[in-house]
Amino acid sequence: MTAGLADEARRFGSGQAVRRIEDAALLQGRGRFTDDEAPAGALFVAFARSGVAHGRLLGVDTAAARALPGVVAVWTGDDLVAAGVRPIPTATTFRRADGRPLAAPPKRALAHGAVRYVGEPLAMVVAESRAAARAAAALVEPRIEARPAVTDPAQAMAPGAPVLCDEAPDNVAAEMRHGDAAAVDAAFAAAAHRVALDLVNQRLAPSPMEPRSVLAWTEGGRLVVRLSSQMPTAVRNGIADAIPGLAQADVRVLVGDVGGGFGMKTGLYPEDIAVAWAARQLGRPVKWQAERVEDFLSAVHGRDVTSRAELALDADGRVLALRVRSLANVGAYPSTTAVAIQLLIGPWVTTSVYDVPAIDLHLRAVLTNCAPTGPYRGAGRPEAIYLIERLMDAAARRLGLDPAELRRRNLVQPAQMPYRNAMAQTYDSADFPSILAQGLALADWDGFTARREASRARGRLRGRGIATFLEWTGGNAFTESVSVRVTGDGMVEMSSATMAMGQGIATSYAQLAVDVFGVPIECIRILQGDTDRANGFGSAGSRSLFTGGAAIRVAAQRTVEVARGLAADALEAPADDLEYEAGRFRVAGTDLGIGLFELAARQPGAAIVAEDQASAQGASWPNACHVCEVEVDPATGAVEVVAYASVNDIGRVVNPAIARGQVEGGAVQGIGQALGEQVVYDAASAQLLTASFMDYALPRADGFRDFRTAFDPSIPCRTNLLGVKGVGELGTIGATPAVVNAVVDALAAAGVADAAERLQMPLVPARVWRALREGASGY
Amino acid sequence: MPLIALRVNGRGVETDVETQTLLVDLLRGPLGLTGTHVGCDTSQCGACTVRLDGRAVKACSVLAVQATGREVETVEGLARPDGALHPLQQAFVDAHGLQCGFCTPGMLMAAACLLEEHAQPSDDEIAHALEGNLCRCTGYVNIVAAVRRAADALAAEDVAGARA
């Protein structure tokens with residue numbers, strides 16, 4: 001029996017491709033997403049949103065909406081301001097060039113005094129049915145004195161441009177300079193080679209398949225908010241900050257199943273405050289389920305950075321300096337996080353895996369009449385890595401070097417670990433040359449010429465692209481706690497403040513728990529999404545496993561030690577004489593013993609409880625080599641990904657199947673950015689032109705799926721006790737430059753390198769076709 | 001309000017519905033079958049896919065009254081009568097064919113329809129059949145692999161059944 005259990009524990013412990021414990025419910029329609037909850041007497045919310053991108057909000061006429069049968073209440077921004085509802089604050093971490101703090105218009109639950117983007121919520125209708133709420137919202141009539149709108153950050157900074165907030169007459173919310181401009185100028189002056197690219201990292205819609213949803217009610221004088229979120233505690237604190245008379249202890253946030261997050265469901269949204277406020281006012285459950293168009297209009301978008309990036313190299317192809325000038329379009333109401341992503345987090349990885357001695361970065365976050373940007377899978381790192389990887393390829397072309405060879409000459413070497421980069425970030429562990437070599441081998445880099453010829457014979461232009469890169473993970477929130485309850489009926493319940501959103505974190509945690517407890521994985525229950533149980537940063541920035549997972553291990557170990565003391569009492573033996581294996585304490589050298597769960601049953605409350613916390617010493621730096629091959633149809637400009645190989649260093653791997661799913665699913669998102677996705681605003685009216693999945697081109701099932709994906713687990717992370725590195729964002733970060741580099745390579749081989757290097761994402765057929773034509777005609 | 005009678009997952013249902021009520025709202029609301037999800041408002045995402053007389057349809061694009069006298073099958077009715085997972089469900093577990101699980105019910109119902117019409121589809125045929133179902137997590141890699149695996153499992157069941 002004991003041997004059998006130990007064997008089972010080995011099969012379900014970490015390192016194994018354990019089948020997910022999440023799946024059975026989700027596959028049988030028993031998931032519990034927010035909109036699946038239908039409390040009796042619930043009311044439904046619909047928001048009236050601005051159809052005008054920019055203007056003074058003179059008033060909102062709600063009489064017709066109120067008169068509709070079934071409508072219970074209608075509130076406007078004026079009502080909420082009068083009631084003392086506060087805007088979502090920004091931190092003072094970031095500064096404008098004039099030294100004043102980050103300038104952004106106050107982000108309110110409902111617009112007040114002005115509207116600044118199309119889709120901004122300006123009134124809330126609460127009704128007995130969803131249909132009545134929506135019908136009434138359509139009857140809300142705002143009086144808006146329209147003003148000119150601006151969607152392009154360079155135009156927004158020009159004299160005479162519409163101004164979004166008085167504190168930023170130039171529309172620059174904040175800016176930062178990093179590095180040593182004089183040193184970089186000197187390096188460029190002395191360089192044998194200089195390359196420069198103008199690059200657009202277009203605006204994206206994160207598009208988790210479950211749109212945002214919020215359900216709120218009051219319970220015993222407290223406010224309960226059940227929503228789809230990656231950060232329950234931030235929502236709790238934000239709601240308590242915004243709504244007068246609420247302390248954090250008065251708010252309980254619950255999160256059930258989350259239908260994808262990708263960063264979009266971090267932090268607090270205006271709608272969250274409005275729904276919570278309505279529930280408190282009305283004393284009945286109130287639910288809002290966003291329509292997809294509402295998420296396109298008013299959930300955060302990602303990326304949207306325009307850059308000029310320049311590299312100086314010596315005659316041998318050694319990088320001497322990197323210079324970047326970027327304008328990030330952070331939209332109308334940037335959060336501190338949105339600004340941090342572009343001004344700080346991206347820059348941390350801007351030199352990536354390369355030993356770049358000097359940098360000069362000047363980055364500005366610019367206000368426009370677009371929806372706010374925020375975290376989207378990678379959040380700053382994809383933007384930074386895209387720049388450096390495009391530059392490396394452009395430099396290789398300039399020098400006539402194999403792009404892999406140019407990279408090899410510039411990699412930080414293993415002997416340099418721990419390595420401090422030009423942004424004072426320290427990489428703890430890596431072997432970039434090995435990962436590059438393995439990636440090239442997996443991709444059969446050297447066999448490319450034959451494949452290119454074969455493609456040519458079929459009338460296709462073949463190209464190959466490479467991205468060698470790293471990323472920073474952890475969200476700078478490195479401590480997590482886990483509380484444990486071993487029950488007499490045979491369960492180990494472990495509560496964590498990190499949040500599941502599809503990444504299989506409960507399974508990975510359960511595996512780590514099995515490592516310690518040695519009980520069947522069915523006995524482990526991972527509890528998340530309840531601020532009455534656990535509070536913390538939540539899940540973002542690929543932090544959960546290496547912070548929360550480490551806490552699972554130490555809390556499990558603590559529990560076994562607590563239980564050991566109890567077992568010693570029960571067995572009347574010294575604790576030091578007890579051996580623990582496979583859910584059982586045994587007095588060494590005897591048959592005398594007691595099972596963990598039996599022991600729990602004997603305790604007061606029939607449970608053993610314990611708690612512990614773990615802290616990582618810093619970020620983890622997952623890194624990889626991704627190699628993509630594409631074929632371009634010269635007749636249509638259509639691009640097809642035909643091969644994709646990657647070797648990834650995510651440190652120790654807890655669940656290889658989940659890790660592979662993260663890298664490949666993430667890579668498809670990166671391919672989506674390279675080839676299809678783009679949020680488009682009309683430049684004159686600032687109307688959103690891509691407000692549905694008919695206009696916003698998500699990857700579909702008929703796209704590329706034939707990934708070759710490998711992991712090198714031989715380089716454990718040194719900043720956490722598990723040795724793991726983050727994995728959630730790696731594929732997305734690598735795929736975009738790998739694909740674009742491949743397309744540029746295909747076109748360069750067709751003799752249109754200059755036009756190819758001017759191409760901007762997404763590389764839709766019309767753009768590629770035009771580059772082929774214009775390039776050929778000496779454009 | 002018209003009274004409609006239909007069968008849902010093998011059980012007879014009689015209910016009053018508004019003429020404009022969508023099938024998906026009938027399922028998720030009065031019938032409490034919340035496994036069928038709504039991921040968009042333009043019939044693009046396929047999360048609401050159910051089977052209507054065996055054919056995969058997007059339940060956001062069918063009126064409840066159109067289901068009168070017909071058989072509706074949702075993800076809740078997919079498992080075998082003895083409670084065992086349907087081979088498609090089992091294949092999604094085995095192939096890691098789901099992450100957040102929001103699109104999964106629609107994927108399963110679309111795939112169930114495909115496999116009844118075409119017992120041994122190629123990967124390309126599977127992908128084509130699922131083009132109307134969006135997934136943001138998996139990149140479709142393991143979804144297509146899961147459907148292929150299920151096709152093989154169903155074929156093996158048929159062989160076993162024929163031998164018995």
Side-chain angles (χ1 to χ4, degrees), chain A residues 17 19-20 22-33 35-38 130-131 206-211 257-262 289 291-294 500-504 657-658 660-662 664-669 671-672 692-694 698-707 731, chain B residues 18 20-21 25 28-29 32-45 47 74-79 85-86 88-90 92-105 107-108 123-124 126-145:
Chain A
R19 308 252 192 293
R20 300 199 326 166
E22 296 90 339
D23 289 356
L26 294 168
L27 282 162
Q28 296 178 84
R30 296 204 306 264
R32 296 312 294 172
F33 298 92
D35 193 44
D36 298 342
E37 305 293 340
R130 193 169 278 172
S207 305
M209 294 318 300
E210 181 206 26
D257 284 310
V258 173
F262 312 118
Q289 172 59 59
E291 294 183 68
R292 177 59 58 179
V293 63
E294 294 185 279
M501 54 179 140
Q503 77 280 48
I658 287 175
R660 188 171 148 249
Q662 289 295 308
E664 295 178 358
V668 169
Q669 285 189 10
I671 293 171
S692 81
F693 288 135
M694 289 186 285
L698 284 194
R700 290 181 183 263
D702 60 345
F704 181 78
R705 298 182 309 279
D706 194 16
F707 291 94
Chain B
E18 304 274 2
Q20 71 271 27
T21 298
D25 291 329
R28 287 184 55 79
L33 295 171
T34 54
T36 301
H37 299 147
V38 179
C40 77
D41 35 43
T42 54
S43 306
Q44 293 290 301
C45 81
T74 72
V75 69
E76 288 91 345
L78 196 56
L85 292 181
H86 184 280
L88 264 168
Q89 293 169 314
Q90 188 59 50
F92 270 66
V93 175
D94 294 341
H96 186 25
L98 67 158
Q99 291 185 22
C100 82
F102 194 81
C103 75
T104 309
M107 291 286 178
L108 289 170
D123 281 7
D124 283 350
I126 295 168
H128 182 66
L130 298 178
E131 266 181 311
N133 292 73
L134 292 173
C135 169
R136 191 55 154 167
C137 296
T138 66
Y140 309 96
V141 178
N142 292 341
I143 291 176
V144 172

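For clarity, every value in this text was computed on a predicted model and none was experimentally measured. Numbered from 1 within each chain, the chains take letters A, B, ... in sequence-line order.
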Review point. When only pairs under 4.5 Å are counted, which of B:T74, B:D25, B:D94 shares the most heavy-atom pairs with chain A?
Key: B:D94
Check your understanding: Is a side-chain N or O of A:R19 found less than 3.5 angstrom from the main chain of B:H96, in a donor-acceptor match?
Key -> no
Point to revise | Portion of A:D35 that has a non-hydrogen atom of chain B nearer than 4.5 angstrom | key: both
Review point. To the nearest 0.5 Å, how far apart are CD in B:Q90 and CG in A:D23?
Key: 9.5 Å
Study note, to complete from the structure: If you tally heavy-atom pairs under 4.5 Å between each of B:A127, B:G35, B:A145, B:P105 and chain A, the highest tally belongs to B:A127
Point to revise | Structural part of B:V93 lying under 4.5 Å from a heavy atom of chain A | key: both
Revision key, fill the gap. The reported gap from CZ in B:R136 to CE in A:M209 (rounded to nearest 0.5 angstrom) is 9.0 Å
Check your understanding: Looking at CZ of A:F693 and OG of B:S43, how far apart are the two atoms once the value is rounded to the nearest 0.5 Å?
Key -> 12.5 Å
Point to revise | Under 4.5 Å from any heavy atom of chain B - which part of A:V258 | key: backbone
Check your understanding: For A:Q28, is it the side chain, the backbone, both or neither that has a heavy atom under 4.5 Å from a heavy atom of chain B?
Key -> both
Point to revise | The single option from B:L78, B:L98, B:V75, B:L88 passing side chain to side chain contact (heavy atoms under 4.5 Å, CB included) against A:L27 | key: B:L98
Exercise for review: Please look at A:I671 and chain B and tell me whether the side chain, the backbone, both or neither of the residue comes under 4.5 angstrom of a heavy atom of that chain.
Suggested key: neither
**Study point:** Pairwise side-chain contact, A:F262 with B:C137, heavy-atom cut-off 4.5 Å (strictly under)
**Key:** yes
Review point. Which answer fits A:E22, side chain, backbone, both or neither, if we ask what part of it has an atom under 4.5 Å from a heavy atom of chain B?
Key: neither
Check your understanding: Looking only at atom types and distance, does a side-chain atom of B:Y140 sit under 3.5 Å from a main-chain N or O of A:P699, one as donor and one as acceptor?
Key -> yes
Review point. Quick one: of B:D124, B:L108, B:N133, who has the most non-hydrogen atom pairs under 4.5 Å with chain A?
Key: B:L108
Practice item. Using a 4.5 Å cut-off on heavy atoms from C-beta on, say whether the side chain of B:H37 contacts that of A:E210. Key: no
Review point. Can you check whether B:G139's main-chain N or O pairs, donor with acceptor, with A:R705's side chain at less than 3.5 Å?
Key: no
Exercise for review: Evaluate the side-chain contact (heavy atoms from CB on, under 4.5 Å) criterion for residues A:R700 and B:L130: first the C-alpha distance (whole Å), next the side-chain angles of each, then the deciding distance (0.1 Å), finally the verdict.
Suggested key: CA-CA 8 Å; A:R700 290 181 183 263; B:L130 298 178; over 6 Å; no
Check your understanding: Using 4.0 Å as the upper bound for N to carboxylate O, is an ion pair formed by B:R28 and A:D36?
Key -> yes
Review point. So which part of A:R130 gets closer than 4.5 Å to some heavy atom of chain B, the side chain, the backbone, both or neither?
Key: neither
Check your understanding: Under a 4.5 Å heavy-atom cut-off, does chain A meet the side chain of B:T138, its backbone, both or neither?
Key -> backbone
Review point. Taking only residues two or more places apart in sequence, or in another chain, which ones meet A:D257 in a salt bridge (charged side-chain N to carboxylate O under 4.0 Å, His left out)?
Key: none
Exercise for review: Kindly write out the residues that satisfy salt bridge (charged side-chain N to carboxylate O under 4.0 Å, His left out) with B:E76, not counting sequence neighbours, or none if the list is empty.
Suggested key: none
**Study point:** Most contacts with chain B, counted as non-hydrogen pairs under 4.5 angstrom, among A:G260, A:G504, A:G31, A:G661
**Key:** A:G661
Exercise for review: For the pair A:E291 (side chain) and B:D41 (backbone), establish whether a donor and an acceptor sit closer than 3.5 Å, ignoring hydrogens and angles.
Suggested key: no
**Study point:** Name of the residue among A:E37, A:R30, A:R32 meeting side chain to side chain contact (heavy atoms under 4.5 Å, CB included) with B:T34
**Key:** A:R32
Revision key, fill the gap. Whatever's closer than 4.5 Å to a heavy atom in chain B on A:M501 counts as backbone
**Study point:** Reported SG-to-CG distance for the pair B:C100 and A:L26, which is rounded to 0.5 angstrom
**Key:** 8.0 Å
